[in-house]
Chemist: 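I am attaching a structure below and will ask some questions about it afterwards.
Keep in mind it's a predicted model, so treat the numbers as computed, not measured. Indexing begins at 1, ligand by ligand and atom by atom, following the structure's order.
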Amino acid sequence: DVPVPGAGGTRFDLEKETELRFEVEAGERVQLELLTGLAEVFGSELNRNKKYTFGPGSKIAVFTWQGCGVCLYGKTEVAYVSKDTPMLLYLNTHAALEQMRRLAERDNERGPRVMVVGPTDVGKSTVCRLLLSYAVRLGRRPTLVELDVGQSGVSVPGTMSALCIERPADVEEGFSVQAPLVFHFGSTSPGTNIKLYNKLTSSLAEVYSQRCEVNRKASVGGCIINTCGWVKGSGYQALVHCASAFEVDVVLVLDQERLYNELKRDLPHFVRVVLLPKSGGVVERSKECRRETRDEKIREYFYGFRGVSFYPHAFDVRFSDVRIYKIGAPSIPDSCLPLGMSQDDTQLKLVPVTPGRDLTHHVLSVSCAEDGEEGSRRGVVESPVCGFIVVTAVDTQAQVMTVLSPAPRPLPRHTLLIMDIRFIDLK
Ligand code: ATP
């Protein structure tokens, strides 16, 4: 129920360097219109007299450098103006990165590789979006590397990916996701298989570096790496691993001084580690809210988003036509491992899955690996994925499963990787 244009909105007049923060109530939609002046939403400029629509649960900040008048239509949970924002610090960070790109251009070097870290709910993804949008507005072509397997901004949850950014994020929909490079991780927490997580981080770094060698704009643009909010123990080690795999130049630590000090201590001295405050506007999200966002991301993959509707296909796949694997065998004590085998091997092992009823609702990645490549571990584990399907029903008698797929049959490849993640198709 989109509010009727022109009907009873609330007007806000913002002074320069302030922001209007609002949250959309569950089950509601809110429209935003810029009436006067200039304003942006997470680094993307608003057009005057155009109504932007935000769905239930959206948490938005409209920031203005010069001052502006905006109007909100619809039911917000909260809506207030804040003068206290770290935007100036974020802009300075962008300016410093841009300076590094200029030098890179001049000296035929590579641009800044930046890792954004911090605990959950400090606005990491938002800072990444802001820095990428500012860079692309200046004509740069930065790369977004998405390592947050719980809340991926690029693909479905349980994946790790890279995306070349060619235009600023759309105010309502975020970055246009065309031709991302996506790897299957299989779960929403790096801890379920940290070896695989680190391995795929290295694979992404390798592919990105190869691209930089042949594409000067990508190299100068640098990359912005979004990470998970797990910053202790193996989660911390994964950050250190990522910094080394990507040979990062800058680490932006949001909000946590301890993490900042640890990284300063453990990373080589030429890596610039910078502590930045989080924005007071970032809202803590409950487990439930995170689960809903993940579900929504999968629904979008199959059914599209707002203006764009997709019509997924449902068809039967014979068990005998596909090979389903899980990556990683359950860990067993070192003493029980066969001679010469390490835990690394078990965590990166392809384990065949016998199709059964318990497959129902699982999300499966369709591996790009050529059929017949299962023999080589690199073939499947380190191959990107070409898409995803969901198992909606399993008939063990007939030895077939029904799947929901973005494209009509047949499946483009026959090697499928199972995720821990389930999706119940209610349509
Ligand atoms: P996670 O670790 O879970 O991925 P995160 O640290 O990446 O979280 P974000 O996803 O960037 O955090 O931000 C959390 C939420 O807060 C998002 O819904 C975002 O739109 C909102 N948000 C960010 N900055 C602001 C702000 N200044 N005002 C209002 N809302 C904001």
Chemist: Could you see which bit of Glu23 sits under 4.0 Å from ligand 1, with heavy atoms only: side chain, backbone, both or neither?
Modeler: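 For Glu23, no heavy atom sits under 4.0 Å from ligand 1.
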Chemist: Ignoring angles and geometry beyond distance, decide whether Val282 reaches within less than 3.5 Å of ligand 1 through its nitrogen or oxygen atoms.
Modeler: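 Looking only at distances, the answer is no, because the N/O contact criterion of under 3.5 Å is not met.
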Chemist: Would you say Gly123 and ligand 1 have an N/O pair spaced under 3.5 Å apart?
Modeler: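 Looking only at distances, the answer is yes, because the N/O contact criterion of under 3.5 Å is met.
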Chemist: How about Leu34 and Lys50: do any of their side-chain heavy atoms sit closer than 4.5 Å?
Modeler: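 A side-chain contact under 4.5 Å is absent here.
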Chemist: Are any of the protein's heavy atoms under 4.0 angstrom from atom 17 (C) of ligand 1, yes or no?
Modeler: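 No, there is no protein heavy atom closer to it than 4.0 Å.
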Chemist: Could you go through Arg140 and Glu105, starting from their C-alpha distance and side-chain angles, then the distance that decides it, and tell me whether this counts as salt bridge (Lys or Arg N to Asp or Glu O under 4.0 Å)?
Modeler: CA-CA 11 Å; Arg140 302 297 181 189; Glu105 214 162 28; 3.1 Å; yes
Chemist: Check whether any side-chain heavy atom of Arg290 sits under 4.5 Å from a side-chain heavy atom of Arg294, and report yes or no.
Modeler: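 Counting from C-beta outward, Arg290 and Arg294 do come under 4.5 Å.
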Chemist: Atom 2 (O) of ligand 1: which protein heavy atom is closest, and how many Å away?
Modeler: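 For atom 2 (O) of ligand 1, the nearest protein heavy atom is Lys124 NZ, 2.7 Å.
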Chemist: Could you check atom 31 (C) of ligand 1 against the protein and tell me its nearest heavy-atom contact, residue, atom and distance included?
Modeler: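 Closest protein heavy atom to atom 31 (C) of ligand 1: Gly281 O, 3.6 Å.
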Chemist: Which protein non-hydrogen atom lies closest to atom 20 (O) of ligand 1, naming both residue and atom, and how far is it?
Modeler: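 It is Lys59 O, 2.7 Å.
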Chemist: Closer than 4.0 Å to some heavy atom of Val122 - which atoms of ligand 1 meet that?
Modeler: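 In order of number, 6 (O).
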Chemist: For ligand 1, does Arg21 get within less than 4.0 Å through its side chain, its backbone, both, or neither, judged by non-hydrogen atoms?
Modeler: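 Contact part for Arg21 vs ligand 1: side chain (C-beta onward).
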Chemist: Quick test of your reading of the model: are Arg21 and Glu19 salt-bridged, counting only N-O distances below 4.0 Å?
Modeler: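 Looking at Glu19 together with Arg21, the answer is yes, because their closest N to O distance falls below 4.0 Å.
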Chemist: For ligand 1, indicate whether the residue Ser125 contacts it via side chain, backbone, both or neither (heavy-atom separation under 4.0 Å).
Modeler: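 The answer is both.
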Chemist: Check whether any side-chain heavy atom of Met87 lies under 4.5 Å from a side-chain heavy atom of Trp65, and answer yes or no.
Modeler: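 They are in side-chain contact.
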Chemist: Looking at Glu262 and Arg258, is any side-chain nitrogen of the basic one under 4.0 Å from a carboxylate oxygen of the acidic one?
Modeler: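 Salt bridge present between Arg258 and Glu262.
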Chemist: Would Lys278 count as a contact residue for ligand 1, given that I'm defining contact as a non-hydrogen atom of the residue lying under 4.0 Å from a ligand atom?
Modeler: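 It does not, in that no heavy atom of Lys278 comes within the 4.0 Å cut-off of ligand 1.
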Chemist: Looking only at heavy atoms of Phe63, does any of them come nearer than 4.0 Å to an atom of ligand 1?
Modeler: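 Contact check Phe63 vs ligand 1: negative.
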Chemist: Evaluate the criterion side chain to side chain donor-acceptor pair (under 3.5 Å) for residue pair Asn108 and Arg216; output intermediate values, then yes/no.
Modeler: CA-CA 9 Å; Asn108 208 16; Arg216 188 75 194 122; 3.3 Å; yes
Chemist: State, with a plain yes or no, whether a side-chain heavy atom of Cys228 is found less than 4.5 Å away from one of Tyr197.
Modeler: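 Yes - at least one pair of side-chain heavy atoms lies under 4.5 Å apart.
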Chemist: Scan side-chain atoms only and decide if Tyr52 and Glu33 contain a donor-acceptor pair under the 3.5 Å cut-off.
Modeler: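 No - no donor-acceptor pair under 3.5 Å links their side chains.
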Chemist: Relative to the heavy atoms of Val283, which atoms of ligand 1 are at a distance of less than 4.0 Å?
Modeler: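 Those atoms are 16 (O).
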Chemist: Could you tell me which atoms of ligand 1, counted from 1 in the order shown, lie closer than 4.0 angstrom to a heavy atom of Asp148?
Modeler: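 So the answer, numbered in order with elements, is 4 (O).
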Chemist: A side-chain contact here means heavy atoms from C-beta on lying under 4.5 Å apart; do Val248 and Ile225 qualify?
Modeler: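 They are in side-chain contact.
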Chemist: Is the centre of the Phe302 ring less than 6.0 Å from the centre of the Phe310 ring?
Modeler: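 No, too far apart.
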Chemist: Tell me, which protein residue and heavy-atom name are nearest atom 11 (O) of ligand 1, and how many Å apart are they?
Modeler: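 So the nearest neighbour among protein heavy atoms is Thr126 OG1, 2.5 Å.
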Chemist: Contact between Arg285 and ligand 1, counting heavy atoms under 4.0 Å?
Modeler: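 It does, in that a heavy atom of Arg285 comes within the 4.0 Å cut-off of ligand 1.
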Chemist: Can you check which of Arg290, Met87, Gln151 brings a heavy atom nearest to atom 3 (O) of ligand 1?
Modeler: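 Looking at heavy atoms only, Arg290 sits closest to atom 3 (O) of ligand 1.
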Chemist: Before signing off on this row, confirm whether Asn226 and ligand 1 have an N or O atom pair separated by under 3.5 Å.
Modeler: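 No: no nitrogen or oxygen of Asn226 is under 3.5 Å from one in ligand 1.
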Chemist: Is there at least one pair of N or O atoms, one from Ala61 and one from ligand 1, spaced under 3.5 Å apart?
Modeler: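 Min N/O separation from ligand 1 is not below 3.5 Å for Ala61.
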Chemist: Is there side-chain contact between Ser44 and Arg137, with at least one heavy-atom pair below 4.5 Å?
Modeler: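 Result no, sub-4.5 Å side-chain heavy-atom pair not found.
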Chemist: Charged N to carboxylate O below 4.0 Å: is that the case for Arg285 and Asp121?
Modeler: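 Salt bridge flag = yes for Asp121 with Arg285.
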Chemist: Have a look at ligand 1 and work out which part of Ile60, if any, has a heavy atom under 4.0 Å from it: side chain, backbone, both or neither.
Modeler: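 Looking at Ile60 and ligand 1, just backbone atoms fall under 4.0 Å.
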Chemist: To which protein heavy atom is atom 27 (N) of ligand 1 closest, and what is the distance rounded to 0.1 Å?
Modeler: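 For atom 27 (N) of ligand 1, the nearest protein heavy atom comes out as Glu19 OE2, 2.9 Å.
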